[in-house]
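Along the sequence shown, the residues carry numbers beginning at 1.
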Amino acid sequence: MGALVIRGIRNFNLENRAEREISKMKPSLAPRHPSTSNLLQEQISDYPEIKGEIARKDDKLLSFLKDVYVDSKDPVSSLQVKAAETCQEPKEFRLSKDHQFDMINMKSIPKGKISVVEALTLLNNHKLYPETWTAEKIVQEYQLEQKDVNSLLKYFVTFEVKIFSPEDKKAIQSK
């Protein structure tokens with residue numbers, strides 16, 4: 001209903017508005033810089049045939065222009081591609097493993113992905129208990145792919161804090 005009203009307003013008095021725009025005076029040329037206007041006046045006074053050449057229409061060039069035919073096809077717009085992607089099957093989600101059922105921060109995590117808290121937890125578990133928290137167990141527990149878990153365990157480590165005992169502090173010499 002809204003489109004009908006807007007279309008009616010947009011098309012109201014369309015012919016008269018179009019005719020008014022067409023009959024308006026055409027814009028004049030932009031003003032030239034004073035230094036170039038003197039040079040142009042000198043050239044036109046020295047060679048008056050240039051002014052006629054500028055105003056003349058070349059029939060040969062106009063015939064070439066009339067022979068030009070452009071046939072184009074629009075490429076597939078990205079909106080159509082995105083619309084096709086949205087018709088895919090729904091993704092599977094899982095609840096987070098930290099069991100914090102806080103309704104404000106509750107997020108469903110797609111299968112094959114983990115949260116930052118879960119990543120730190122599994123890295124820490126693997127570091128502390130590598131024989132129980134193997135890559136295969138992490139794959140089953142968090143529903144991840146094997147190659148992703150292997151890369152995660154190979155290239156990422158958790159932050160480690162080392163606390164020195166007082167006798168070790170004496171061994172460290174100050175500069």
In short, Ile138 meets His126 closest at the heavy-atom pair CD1-CB, 4.4 Å
Applying the 4.5 Å side-chain criterion to the ILVMFWY set and letting contacts propagate, would Ile54 and Leu65 be lumped into a single cluster? no
Approximate separation, where rounding is to 0.5 Å, of Lys113 NZ and Glu145 CD: 10.0 Å
Got a sec: does the NZ of Lys73 have more than 12 other heavy atoms crowding it under 6.0 Å? no
Go through the side-chain N and O atoms of Asn38 and Glu42 and say whether any donor and acceptor fall under 3.5 Å apart. no
Can you tell me how far CG of Leu144 sits from NZ of Lys111, rounded to the nearest 0.5 angstrom? 11.5 Å
Nearest 0.5 Å please: distance from the CG atom of Leu61 over to the NZ atom of Lys66. 12.0 Å
Closest non-hydrogen atom pair between Asn16 and Asn13, with its separation: ND2-OD1, 2.6 Å
According to a 4.5 Å side-chain heavy-atom criterion applied to Ile, Leu, Val, Met, Phe, Trp and Tyr, with indirect links allowed, do Tyr129 and Leu122 form part of one hydrophobic cluster? yes
Just wondering, are more than 12 heavy atoms of other shown residues or ligands nearer than 6.0 Å to NZ in Lys127? yes
List the atom of Thr36, the atom of His33, and the distance in Å for their closest heavy-atom pair. OG1-O, 2.9 Å
Are Leu153 and Phe156 connected in the hydrophobic side-chain network, where two residues link if heavy atoms are under 4.5 Å apart? yes
Work out which heavy atom in Ala135 is nearest to a heavy atom in Asn150; give both atom names and the distance. CB-OD1, 3.4 Å
Sequence neighbours excluded, which residues qualify as salt bridge (Lys or Arg N to Asp or Glu O under 4.0 Å) partners of Glu19? none
Membership question, hydrophobic clusters at under 4.5 Å side-chain separation (ILVMFWY): are Ile44 and Tyr47 in the same one? no
State, with a plain yes or no, whether a side-chain heavy atom of Asp58 is found less than 4.5 Å away from one of Leu62. no
In this structure, NZ of Lys137 is separated from CD of Glu131 (nearest 0.5 Å) by 11.0 Å
Taken to the nearest 0.5 Å, the spacing of Asp148 CG from Tyr142 OH works out to 15.0 Å
Answer yes or no: is there a side-chain heavy-atom contact under 4.5 Å between Glu118 and Ser115? yes
Taking Arg20 for the side chain and Glu15 for the main chain, is one N or O donor matched with an acceptor at less than 3.5 Å? no
If you define the side chain from C-beta out and look only at heavy atoms, does anything of Gln43 sit under 4.5 Å from Leu39? no
Pairwise distance CD(Gln140) to CD(Gln146) - rounded to 0.5 angstrom: 9.5 Å
Are Leu128 and Leu152 connected into the same hydrophobic cluster when the rule is that any two of I, L, V, M, F, W, Y join if their side-chain heavy atoms are below 4.5 Å apart? yes
On a heavy-atom basis, which atom in Arg10 and which in Arg17 lie closest, and how many Å separate them? O-NH2, 2.7 Å
